[in-house]
Amino acid sequence: MTPWTGLLAGALGTLLLAQAAPALALSELKQVPGQQQQAQTQTSQATTPPTAPAPAAQGAPAELPQPDPLVNSGAAGGAAKTDDGKSVEIIYDVSKVPEPVRQMREKIVEAAASGDIERLRPLLTGAMPTQVTIGETTDDPVRSLRELSGDSDGIEILAILLDVLQTGFAHVGKGTPDEMYVWPYFTEKTLANLTAPEKVELLRIVTAGDYSDMLEFGGYNFYRVGITPKGDWKFFVAGD
């Protein structure tokens with residue numbers, strides 16, 4: 001055998017071995033440790049399904065409006081003078097009133113916010129029936145309120161009741177048989193002396209035209225609510 005024949009045979013054997021060995025896939029190549037861990041983490045994140053949000057509870061009651069006044073400024077509270085010169089306490093913090101007063105107010109708010117005027121009936125017809133008209137009595141206060149409302153279901157009167165109870169209020173007749181917590185406090189203030197923030201609060205209840213008429217009339221004459229210290233709903237009337 002010649003030297004050239006041996007070289008040819010060796011080269012041929014090497015070529016055959018190279019063809020027989022399977023090619024390594026790219027993923028089978030040795031990776032740097034840090035790269036291998038990163039690849040595994042990315043694969044795990046890609047295959048993990050997203051967490052579905054928890055379903056909302058069915059039948060959950062609608063959130064009722066907060067029973068606190070819409071304007072809750074301590075600076076606006078304190079003593080004020082009535083038209084006849086008497087001092088009256090203006091309050092914005094409902095927690096400062098007796099518990100029976102707070103509870104009755106909250107019950108009225110919840111009933112009015114429901115949109116069902118019949119829910120006011122047990123509150124209006126307690127041991128001390130609530131006055132809903134001036135100068136006359138009624139054997140059915142709910143029917144009377146429906147008749148006063150601009151719609152047959154009494155929705156408008158419920159909205160007015162809510163608006164009135166979301167203002168500041170006055171503590172009147174302290175220490176007397178006529179002691180009362182009255183919403184809104186405008187019933188006890190001289191309207192011509194209202195500050196700009198107080199005028200904003202008033203115009204949440206009445207129109208600018210109503211306010212002008214009240215100035216001419218000489219006092220607040222829209223709806224008001226009165227609750228005794230014992231928690232009796234004394235009146236819900238309009239007028240003066």
- Message: I'd like to check Phe222 versus Asp163 (side-chain heavy atoms, cut-off strictly below 4.5 Å). Are they in contact?
- Response: no
- Using a 4.5 Å cut-off on heavy atoms from C-beta on, say whether the side chain of Ile157 contacts that of Arg146. no
- Task: State whether the side chain of Asp213 and the backbone N or O of Asp210 hold a donor-acceptor pair below 3.5 Å, judged by distance alone.
- Result: no
- Query: Hey, which of Val182, Val97, Asp232, Ile108 is the one that makes side-chain contact (heavy atoms from CB on, under 4.5 Å) with Ile227?
  - Reply: Ile108
- Message: Could you measure the distance from the CG atom of Asn221 to the CZ atom of Phe186? Nearest 0.5 Å is fine.
- Response: 13.5 Å
- Do the side chains of Val237 and Phe217 join up, straight or via other hydrophobic residues, at under 4.5 Å, putting them in one cluster? no
- Message: I'd like to know if the side chain of Arg102 reaches the main chain of Lys96, judged simply by a donor and an acceptor atom lying under 3.5 Å from each other, with no hydrogens or angles considered.
- Response: no
- So Leu161 and Leu120, side chain to side chain contact (heavy atoms under 4.5 Å, CB included) or not? Walk me through it. CA-CA 11 Å; Leu161 182 55; Leu120 291 179; 4.1 Å; yes
- Value for CD (Glu198) from OG1 (Thr167), rounded to nearest 0.5 Å, stands at 11.5 Å
- Query: How close do Ala111 and Leu123 get, heavy atom to heavy atom, and via which atoms?
  - Reply: CB-CD1, 4.2 Å
- Item | Shortest non-hydrogen contact between Glu201 and Gly168, atoms and distance | OE2-N, 3.0 Å
- Message: What I'd like to find out is whether the side chain of Phe235 reaches to under 4.5 Å of the side chain of Ile134, using heavy atoms alone.
- Response: no
- Verify, without hydrogens or angle tests, whether Glu188 (side chain) and Ala170 (backbone) share a donor-acceptor contact under 3.5 angstrom. no
- Message: One pair to check against side-chain hydrogen bond (donor to acceptor under 3.5 Å, both in side chains): Ser144 and Thr133. What are the steps and the verdict?
- Response: CA-CA 8 Å; Ser144 297; Thr133 56; 5.8 Å; no
- Side-chain heavy atoms under 4.5 angstrom apart, residues restricted to Ile, Leu, Val, Met, Phe, Trp, Tyr: same cluster for Leu203 and Met214? yes
- Glu179 with Lys230: basic N within carboxylate O range, under 4.0 Å: no
- Message: With clusters defined by side-chain heavy atoms of hydrophobic residues (ILVMFWY) lying less than 4.5 Å apart, directly or transitively, does Val200 cluster with Ile205?
- Response: no
- Query: Does a donor on one side chain sit under 3.5 Å from an acceptor on the other, for Ser95 and Asp93?
  - Reply: yes
- Check each of Arg224, Gln166, Arg105 against Trp183 using the side-chain contact (heavy atoms from CB on, under 4.5 Å) test, and report the only one that passes. Arg105
- Item | Step-by-step side chain to side chain contact (heavy atoms under 4.5 Å, CB included) determination, Trp233 to Val225 | CA-CA 8 Å; Trp233 187 2; Val225 172; 3.6 Å; yes
- Message: Over 60° means perpendicular and under 30° means parallel, so tell me whether Phe236 and Tyr223 are parallel, tilted or perpendicular.
- Response: tilted
- Task: Report yes or no: does Thr176 contribute a side-chain atom to a donor-acceptor pair with the main-chain N or O of Asp178 at less than 3.5 Å?
- Result: yes
- Query: Is the number of heavy atoms from other residues, nucleotides or ligands under 6.0 Å of Glu216 CD greater than 12?
  - Reply: no
- Give a yes or no answer on whether the side chain of Asp151 reaches the backbone of Asp153 with a donor-acceptor pair at less than 3.5 Å. yes
- Exercise: identify the closest heavy-atom pair between Leu162 and Ala112: CG-CB, 3.8 Å
- Note on the structure: Rounded to the nearest 0.5 Å, the NZ atom of Lys189 sits from the OG1 atom of Thr195 at a distance of 6.5 Å
- Query: Do the side chains of Thr130 and Pro141 get nearer than 4.5 Å, heavy atoms only?
  - Reply: no
- Message: Please identify which of these residues, Thr125, Leu124, Ile117, meets the side-chain contact (heavy atoms from CB on, under 4.5 Å) condition with Arg121.
- Response: Thr125
- Any idea which heavy atoms bring Tyr211 and Leu191 closest together, and the distance? OH-O, 3.3 Å
- Item | Heavy-atom closest pair, residues Pro229 and Pro98 | O-CB, 3.9 Å
- Query: Donor-acceptor pair, Glu89 side chain versus Lys174 backbone, under 3.5 Å?
  - Reply: no
- Query: At what distance, to the nearest 0.5 angstrom, does CD1 of Ile90 lie from CZ of Phe169?
  - Reply: 9.5 Å
- Salt-bridge criterion met for Glu110 and Lys107 (N-O under 4.0 Å): no
- Item | Residue pair Gly115 / Ile155: nearest heavy atoms and the distance that separates them | O-CD1, 3.2 Å
